[in-house]
Amino acid sequence: MARRITVFGATGSIGCNTLDLIARQPEAFEVVALTGGSNVARLAEQARAVGAELAVTAHDDRLGDLRAALAGSGIEAAAGRAALLEAAARPADWIMSAIVGAAGLEPGLEALKQGTTLALANKESLVTAGPLMLATARAHGARILPVDSEHSAVFQALVGEDVAAVERVIITASGGAFRDWPAERLARATPREAARHPNWDMGQRITIDSASLFNKALELIETREFFGIDPHKIDALVHPESLIHAMVGFADGALMAHIGPPDMRHAIGFALNWPERRALPVERLDFAAIGQLTFRAPDDARYPALRLARGVMETRGLSGAVFNGAKERALDHFIAGRIGFVQMAELVERVLNTMTSQRLGIAAPDLDMVRDADARARSEADAALAHLTS
Ligand code: NDP
């Protein structure tokens, strides 16, 4: 029987890769809903191609365009936050969460409430509300499968293992666009330069986050939340070839490394076919041709995002929501040319320092608390702009 599937963030990098895999097995899947943001032309084209029941744009003012683009197709069109949540509540066997940023949290939570399998690419969900996501999944018998390549790698290395026997988890980082730049040049880096990734083809925001290692910082926090592993056991390692995605070390000294080509269709396909493994259209690695794999320790002075993430992993509670909200605003300001590349971390640190007095370490925050912490972090980030060193 065909599995019913919904894709949030269908028009983005992860969404397009997901639809590429779905299109290769059309008889296996029935597409319930696709969602997007401003790219309604692509959304309509995708919905027509897979025969979706429903297409939703996040923006109310784009509903007219979406309707026009779907005219005559019989596909329902809807817009706005409530429509996104309704799409999440439509019965489906498998839902991809690939909206970028904190906006992905609520649709993911809504999907978990219907007891589905949630393929989680949106890393901000676990960073901002890890305990809430996991508790919601437990309460409704839903399952979360990681899609981020590092977490998919850890998940695969842990099959059949006892987490209590894990001694360390190493997640790798390509080092991003500036890994070979001298530190003093970073202050002048432009958004266009930061958005050119050496190995992966991803959306603009995550690519810039890779250059600053904020992406890796989010992944450290996500690893701690998803697998429940002690933060002291989790580390990042720069591995420029991006072939090993993560390594898990066990009490007996053994280390399981997950190796695969830098192609997101691997991790997406693993989650799509889980618990089976099926053939995927990804490159097969030729190690004799690759020759060598290299590694270096990340430089904390150059990448303050990792140090900040360590604090968040210790504090937990609302600190992830504050970290992410401030990071998202810092990224907006960098893309808009209001601050420099290295000032993003400075801004986030200022917000975390300003808000530490506000009981961020609360044990089990609910959605309203998370939303409130996120909103306050964003406005603190805007207010802190004036205090940055030029
Ligand atoms: P993209 O920017 O390529 O795509 C984002 C998607 O979200 C698009 O469909 C976009 O719509 C939609 N969107 C944007 N803003 C909103 C909003 N406010 N409300 C609803 N929908 C919105 O991102 P990626 O695909 O690169 O990343 C998606 C998520 O997956 C991120 O959390 C990222 O960190 C994570 N991830 C991505 C990886 C990758 O390889 N790209 C790897 C691992 C994780 P539109 O474009 O139509 O405006």
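Counting starts at 1 for both ligands and their atoms, in listed order.
The side-chain hydrogen bond (donor to acceptor under 3.5 Å, both in side chains) contacts involving residues 180-189 comprise D180-R296, where partners must be two or more places apart or lie in separate chains.
Exactly one of E150, E219, E222, E225 qualifies for a salt bridge (Lys or Arg N to Asp or Glu O under 4.0 Å) with K123. That residue is E219. Checked options K216, R310, R224; the residue passing with D235 is R310 (criterion: salt bridge (Lys or Arg N to Asp or Glu O under 4.0 Å)).
For an aromatic pair to be called close, the ring centres must be under 6.0 Å apart, and F323 with F214 satisfies this.
Put simply, CZ on R284 and CG on L280 are 7.0 Å apart, with the number rounded to the nearest 0.5 Å. Rounding to the nearest 0.5 Å places CD1 of I95 at 9.0 Å from OG1 of T117.
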Under 3.5 Å: N or O atoms of ligand 1 paired with protein N or O:
from	atom 1	to	atom 2	distance (Å)
ligand 1	3 (O)	S13	N	2.9
ligand 1	7 (O)	V100	N	3.4
ligand 1	9 (O)	G9	O	3.3
ligand 1	9 (O)	T11	N	3.4
ligand 1	9 (O)	T11	OG1	2.6
ligand 1	9 (O)	G12	N	3.1
ligand 1	11 (O)	T11	OG1	3.1
ligand 1	11 (O)	G37	N	2.8
ligand 1	25 (O)	S13	N	3.1
ligand 1	25 (O)	I14	N	2.9
ligand 1	26 (O)	G203	N	3.1
ligand 1	30 (O)	A121	O	3.4
ligand 1	32 (O)	E124	OE1	2.8
ligand 1	41 (N)	S13	OG	3.3
ligand 1	46 (O)	T11	OG1	3.4
ligand 1	47 (O)	T11	OG1	2.8
ligand 1	47 (O)	G37	N	2.9
ligand 1	47 (O)	S38	N	3.2
ligand 1	47 (O)	N39	N	2.9
ligand 1	48 (O)	S38	N	2.8
ligand 1	48 (O)	S38	OG	3.1

